[in-house]
2 protein chains.
Amino acid sequence: MSERPIPLLELAITGLLAQQPRSGYDLLKVFSETAMGGFSSSPGAIYPALKRLERSGSVTGDVENRDTLRPRRVYRLTAAGVETLKRQLGRPVTRDDIVRHSDGVMLRFAFAGEVLGPHEATRILEQFAHEIECYLPELKAQLATLTEAEGRYGFFALRHGIDMYSADARWARKVIRELKGRVPPRQAKRQTVEPVRRKRSKRGGRRP
Amino acid sequence: MSERPIPLLELAITGLLAQQPRSGYDLLKVFSETAMGGFSSSPGAIYPALKRLERSGSVTGDVENRDTLRPRRVYRLTAAGVETLKRQLGRPVTRDDIVRHSDGVMLRFAFAGEVLGPHEATRILEQFAHEIECYLPELKAQLATLTEAEGRYGFFALRHGIDMYSADARWARKVIRELKGRVPPRQAKRQTVEPVRRKRSKRGGRRP
DNA sequence: AGCGTCATGTAATGTGTTACATGATTCG
DNA sequence: CGAATCATGTAACACATTACATGACGCT
């Protein structure tokens with residue numbers, strides 16, 4: 001039913017272009033200067049990704065300053081791109097997502113909040129917290145089987161995993177409460193074409 | 001000076017083979033059944049990686065049960081492989097490591113503890129904690145620039161990053177204290193060839 | 001007889017990384 | 001004038017994912 005996941009870099013680019021049109025270089029800067037530094041941030045990754053997204057019809061690039069000597073290719077989401085983004089954001093959060101792609105969950109949360117509103121963002125957090133809370137007991141059981149003799153450092157490393165997931169769950173539950181506290185406007189403001197403001201929005205999400 | 005990093009999967013395999021000889025299928029099982037589930041755990045990744053390591057001289061594979069109808073190729077580290085592993089474990093922990101390869105740091109910590117002893121493991125933790133404690137204020141500064149209007153969900157996601165790094169640092173400091181508390185034997189027991197015990201060691205480290 | 005596990009691999013495809021390449025503009 | 005930044009890309013390479021392929025063994 002639900003679409004298969006697209007590469008994280010493409011999801012990140014799609015989400016950032018949903019906020020505002022940007023050039024390849026703009027995206028490069030976002031990845032290298034903000035907390036989204038978990039991404040490649042190298043031209044060899046970003047420009048090909050933009051080309052792929054353009055071929056698949058999710059984005060279009062308009063050349064700005066065609067007359068001047070320094071043209072910029074500014075990309076924006078198409079209607080199809082918006083649909084793709086929404087389908088991606090709507091994917092359920094699975095065990096696999098939290099074990100192997102937890103950065104992607106954070107991306108989806110942030111973009112879902114902006115594109116689909118607090119209701120969907122909360123759903124993602126609920127599923128995220130739930131999967132973790134199911135997984136944690138298993139990890140703790142594994143911890144119990146580790147004796148001092150057989151892997152003291154593995155023991156520490158496993159405890160690290162447990163600490164991380166616990167912090168994840170605590171964070172998610174807290175944000176759920178905070179989102180519930182305020183008035184949920186049910187649908188966030190929509191972003192239309194808006195002729196290219198050059199402003200960097202910092203955004204978070206660890207090594208996403 | 002210090003060698004460039006090898007792929008994480010190869011590092012993981014090398015470290016696991018330092019504990020005991022294993023077959024490709026054994027490694028597969030470790031990745032799929034223990035908390036090291038962050039790895040590919042697919043034959044299409046592991047067998048080629050073993051072949052690469054063999055070509056580069058880090059491991060050798062001996063066929064076991066050659067006569068029977070179900071042969072197993074059991075790999076073990078060579079002397080050169082041990083040296084490579086030690087050089088990899090000895091690499092300093094950089095900002096880039098914590099932002100983009102934090103799983104690798106956990107691997108290196110666990111293996112360094114076993115292969116090089118508590119002294120080196122502690123050094124890794126110190127560097128890990130230090131880099132994080134330098135990075136955290138920058139993230140908090142970024143958080144301060146995020147207004148409610150300009151990215152409420154980015155705000156939450158950034159706070160998630162901050163929570164994670166804080167938990168990382170807390171964990172590291174705690175383990176450092178625990179390692180200091182006990183008698184540091186300065187060099188862990190060395191593992192020699194040891195004819196193939198078939199025992200799974202569970203080991204931790206999140207999405208490593 | 002069929003299913004699950006043991007056990008090994010290969011092939012196609014896609015994608016990230018590294019390094020290179022080019023040239024304009026701005027600032028000191 | 002030189003260095004840093006703006007701005008865009010390409011090419012070679014390495015690597016992971018997915019899917020496929022094979023076959024023995026043990027159990028029911």
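Please read these numbers as outputs of a predicted model, since none were measured by experiment. Lettering follows sequence order; numbering is per chain, from 1.
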Report yes if the distance between the aromatic ring centroids of A/Phe109 and A/Trp171 is under 6.0 Å, otherwise no. yes

Classify [X] by what it touches in the nucleic acid, base, sugar-phosphate, or nothing, heavy-atom distance under 4.0 Å.
X       : answer
A/Pro7  : sugar-phosphate
B/Leu28 : nothing
B/Gly44 : base

To the nearest angstrom, how far is [X] atom [atom1] from [N] atom [atom2]?
X        : N      : atom1 : atom2 : value
B/Asp96  : C/dG16 : CG    : P     : 17 Å
A/Ile46  : C/dT18 : CD1   : C1'   : 15 Å
B/Leu27  : C/dG9  : CG    : C1'   : 15 Å
A/Ile6   : D/dT17 : CD1   : C1'   : 17 Å
B/Leu50  : C/dT10 : CG    : C1'   : 15 Å
B/Leu8   : C/dT17 : CG    : P     : 12 Å
B/His101 : C/dG16 : NE2   : P     : 14 Å
B/Ile13  : D/dC15 : CD1   : C1'   : 12 Å

Below 4.0 angstrom, N of the basic side chain to O of the carboxylate: do [X] and [Y] qualify?
X        : Y        : answer
B/Arg52  : B/Glu10  : yes
A/Glu54  : A/Lys51  : no
B/Glu178 : B/Arg173 : no

Out of C/dC6, D/dA7, C/dA19, which nucleotide sits closest to the side chain of B/Arg4? C/dA19

A/Ala45 side chain: which of C/dG16, D/dC15, D/dG9 is closest? C/dG16

Does [X] place a side-chain N or O at less than 4.0 Å from the phosphate oxygens OP1/OP2 of [N]?
X       : N      : value
B/Arg73 : C/dC6  : no
B/Arg72 : D/dA24 : no
A/Tyr25 : D/dC6  : yes
B/Tyr47 : C/dG9  : no
B/Arg52 : D/dC15 : yes
B/Lys29 : C/dC6  : yes
A/Lys51 : D/dT10 : yes
A/Ser42 : C/dG16 : no

Using 30° and 60° as the class boundaries, would you call the ring planes of A/Phe31 and A/Phe39 parallel, tilted or perpendicular? tilted

Starting at the 5' end of DNA chain C and moving along, which residue's nearest nucleotide shows up first, A/Leu9 or A/Pro43? A/Leu9

Evaluate the criterion side chain to side chain donor-acceptor pair (under 3.5 Å) for residue pair A/Ser23 and A/Arg73; output intermediate values, then yes/no. CA-CA 6 Å; A/Ser23 69; A/Arg73 185 172 299 269; over 6 Å; no

